[in-house]
Chemist: 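Before anything else, here's the structure in question.
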Amino acid sequence: MLNVVRGATAGKSYVAVADRLVVSGASFLTMIIVGRAAGVTELGMFALAWSVLLVTNVVVEALVVTPFTVFVGEHDKQADRRAYAGVVLAQALGLAGAAMAIVPAAGHVLADSLSIERSASIMWALFVAIPMVVIREFARRFLFATLEAVKVFVLDLLVAALQLSTLIALWTMSELSATTALASLAFSSGIVSAVWLVMERRKFGRFSADFLREKLRAHVKFGRWVGAAQLSDLAATHGIVWVIAAFSGATATGIFAACNSLALVVNPLILGLGSVLLPRTARAGREGGRAEVSRVVWKVTGFLVAAIGVVCLGIAVFGSQIVVALYSLDFTTGLAGIIALLALSHFLAGAAFAVDNGLTAIARPDLNFAAAFAGLIVTLTSSLLLIVPLGLIGAALGVALGAFASTCFQFAAFARQVGMPRWNTRSR
């Protein structure tokens with residue numbers, strides 16, 4: 001059995017997977033509620049706004065929390081850890097503020113160019129949601145970095161309960177739309193995150209300007225590649241909705257988002273394990289070098305391929321019937337093909353997840369970026385060529401081709417750095 005899912009780490013891994021079930025389940029139910037209550041056009045607009053929130057979270061994760069996860073072990077003194085925690089909180093708040101400043105103007109330009117109705121109200125709801133969602137995600141990642149998985153689970157359970165109850169209340173009052181769904185997300189994330197900050201305030205200490213500059217330089221130097229890779233991945237998987245919106249409109253975007261929401265059910269397993277995999281892999285690198293990183297990563301990869309493969313096969317076979325039933329879609333032509341291709345793309349991405357963490361742990365996030373950028377180029381090129389003649393199936397095929405290119409690149413790069421797996425090596 002894998003070390004990462006055994007012993008003391010096992011408990012944290014299981015809690016992390018349970019937490020991802022809560023987070024992904026809440027997101028999945030949110031999509032269903034918006035789609036059923038407001039229609040697929042509103043769902044399409046919500047998916048576009050959601051992609052902006054994901055971009056902001058990726059930047060905060062790459063430039064703030066991921067470097068913190070890797071470097072926090074270098075500080076032995078409690079005072080230094082508290083000062084470092086204060087720095088990363090300040091960085092997260094600063095990036096949230098920057099996103100708030102950029103989003104309204106950029107959002108209006110994009111929305112007007114895509115002729116999306118009620119763009120102003122959606123952008124202002126997004127403006128309010130950004131800092132709330134960023135602090136919530138920061139809290140989650142910060143607690144995972146310090147291996148406090150149970151606290152993350154409680155935080156996310158509270159947010160999910162508040163978010164879903166608010167959405168149901170809006171649905172009952174016939175007030176649910178893309179705008180009010182964003183407001184619900186902001187409200188639930190903001191309330192719980194504020195309580196967490198008050199309760200955990202002693203973990204965040206004062207820091208000097210020199211210490212802040214030192215950590216900023218280290219985080220940017222390390223996180224620029226992580227951020228570039230994750231943004232490229234995000235552009236390839238979620239950015240495709242903007243291409244669909246430009247060519248086919250918000251309704252087609254909503255249909256694609258509904259199909260993709262089902263394929264995303266593999267995320268609890270991938271991201272739940274990943275929440276403790278990066279700290280575990282970083283520690284393996286410090287204690288045993290690249291050989292230990294190789295052992296952990298290849299074994300976890302075998303587990304992910306088997307587990308995700310079963311789930312994605314079920315999605316590919318039964319997905320179209322499930323999506324039609326959940327979202328009450330009238331559009332059924334090609335749904336099976338769209339969902340099968342999206343399931344394949346998520347399987348490929350999940351198979352490379354441990355390798356992605358391994359490259360980060362051995363300080364080669366630049367290779368993750370190269371792989372992600374190659375996948376993005378393939379996705380955009382093939383989608384733009386295929387979406388007009390094939391419609392949504394062409395967009396899904398583009399995503400799958402991009403995932404295949406990125407995954408092949410990552411596996412080849414990691415094998416070149418640490419060697420091929422030795423399956424007969426006994427686990428320590």
Side-chain angles (χ1 to χ4, degrees), residues 46 48-69 71-72 82-111 119-145 155 159 163 178-179 181-201 203-228 230-231 234-235 238-239:
F46 181 78
L48 293 172
W50 180 248
S51 70
V52 176
L53 290 175
L54 290 176
V55 167
T56 308
N57 278 338
V58 161
V59 173
V60 173
E61 180 180 346
L63 296 182
V64 180
V65 188
T66 297
F68 174 77
T69 302
F71 299 144
V72 67
R82 291 179 65 248
Y84 194 10
V87 164
V88 295
L89 177 59
Q91 288 179 348
L93 292 173
L95 288 172
M100 291 174 68
I102 295 171
V103 161
H108 279 303
V109 172
L110 287 172
S119 60
S121 63
I122 293 174
M123 286 305 120
W124 281 115
L126 190 59
F127 179 84
V128 175
I130 283 173
M132 309 301 180
V133 173
V134 163
I135 295 303
R136 182 265 183 100
E137 191 62 23
F138 170 80
R140 298 184 66 258
R141 299 292 298 179
F142 179 86
L143 289 170
F144 272 129
L155 183 146
V159 172
Q163 178 180 325
T179 302
L182 286 170
S184 170
L185 187 60
F187 172 74
S188 56
S189 297
I191 291 293
V192 177
S193 299
V195 172
W196 173 79
L197 278 174
V198 172
M199 294 179 65
E200 301 279 279
R201 63 188 182 279
K203 290 186 177 180
F204 302 96
R206 296 181 179 180
F207 50 86
S208 65
D210 289 340
F211 189 68
L212 173 62
R213 284 192 292 269
E214 174 191 342
K215 292 304 178 184
L216 281 173
R217 284 194 296 269
H219 281 207
V220 170
K221 183 178 179 179
F222 180 88
R224 60 187 177 182
W225 294 114
V226 176
Q230 291 181 343
L231 287 174
L234 191 64
H238 290 273

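Note that this is a predicted model, so its numbers are computed, not measured.
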Chemist: Who pairs with Ser188 by side-chain contact (heavy atoms from CB on, under 4.5 Å), at least two apart in sequence or on another chain?
Modeler: Val159, Leu162, Gln163
Chemist: If you look only at pairs with a residue in residues 85-100, which of them pass as a salt bridge (charged side-chain N to carboxylate O under 4.0 Å, His left out), with sequence neighbours excluded?
Modeler: none
Chemist: With sequence neighbours excluded, tell me which residues meet ring pair (Phe, Tyr, Trp, His ring centres under 6.0 Å) with Phe46.
Modeler: none
Chemist: With side chains defined as the heavy atoms from C-beta onward, is the minimum distance between Val192 and Arg136 less than 4.5 Å?
Modeler: no
Chemist: Kindly write out the residues that satisfy side-chain contact (heavy atoms from CB on, under 4.5 Å) with Ile135, not counting sequence neighbours, or none if the list is empty.
Modeler: Leu93, Ser193, Leu197
Chemist: Starting from the C-alpha separation in whole Å, work towards a yes-or-no answer on side-chain contact (heavy atoms from CB on, under 4.5 Å) for Val88 and His219.
Modeler: CA-CA 10 Å; Val88 295; His219 281 207; 3.7 Å; yes
Chemist: So which atom in Pro67 and which in Ala62 form the shortest heavy-atom distance, rounded to 0.1 Å?
Modeler: CD-O, 3.0 Å
Chemist: Could you measure the distance from the CG atom of Leu155 to the OG atom of Ser189? Nearest 0.5 Å is fine.
Modeler: 9.0 Å
Chemist: List the residues meeting side-chain contact (heavy atoms from CB on, under 4.5 Å) with Ala186, not counting sequence neighbours, and say none if there are none.
Modeler: Val128, Ala129, Met132
Chemist: Looking at every non-hydrogen atom in both residues, tell me the closest pair between Leu234 and Ser51 and how far apart they are.
Modeler: CD2-O, 4.4 Å
Chemist: Which heavy atom in Ala90 sits nearest to a heavy atom in Phe207, and how many Å separate them?
Modeler: CB-CZ, 4.0 Å
Chemist: Who pairs with Arg213 by side chain to side chain donor-acceptor pair (under 3.5 Å), at least two apart in sequence or on another chain?
Modeler: Asp210
Chemist: With sequence neighbours left out, write down each residue that passes ring pair (Phe, Tyr, Trp, His ring centres under 6.0 Å) with Phe204, or none if nothing qualifies.
Modeler: Phe142, Trp196
Chemist: I need the full list of salt bridge (charged side-chain N to carboxylate O under 4.0 Å, His left out) pairs touching residues 186-201, with sequence neighbours left out, sorted by first then second residue.
Modeler: Lys151-Glu200, Glu200-Lys203
Chemist: List for me each residue that meets side-chain contact (heavy atoms from CB on, under 4.5 Å) alongside Leu95, sequence neighbours excluded, and say none if there are none.
Modeler: Val59, Val60, Leu63, Val64
Chemist: Can you give me the closest heavy-atom contact between Glu61 and Arg141, atom names plus distance?
Modeler: OE2-NH2, 3.2 Å
Chemist: Once rounded to the nearest 0.5 Å, what's the spacing between atom CD1 of Ile130 and atom CG of Asn57?
Modeler: 9.5 Å
Chemist: Within this structure, what is the CG-OH distance for the pair Leu212 and Tyr84, rounded to the nearest 0.5 Å?
Modeler: 11.5 Å
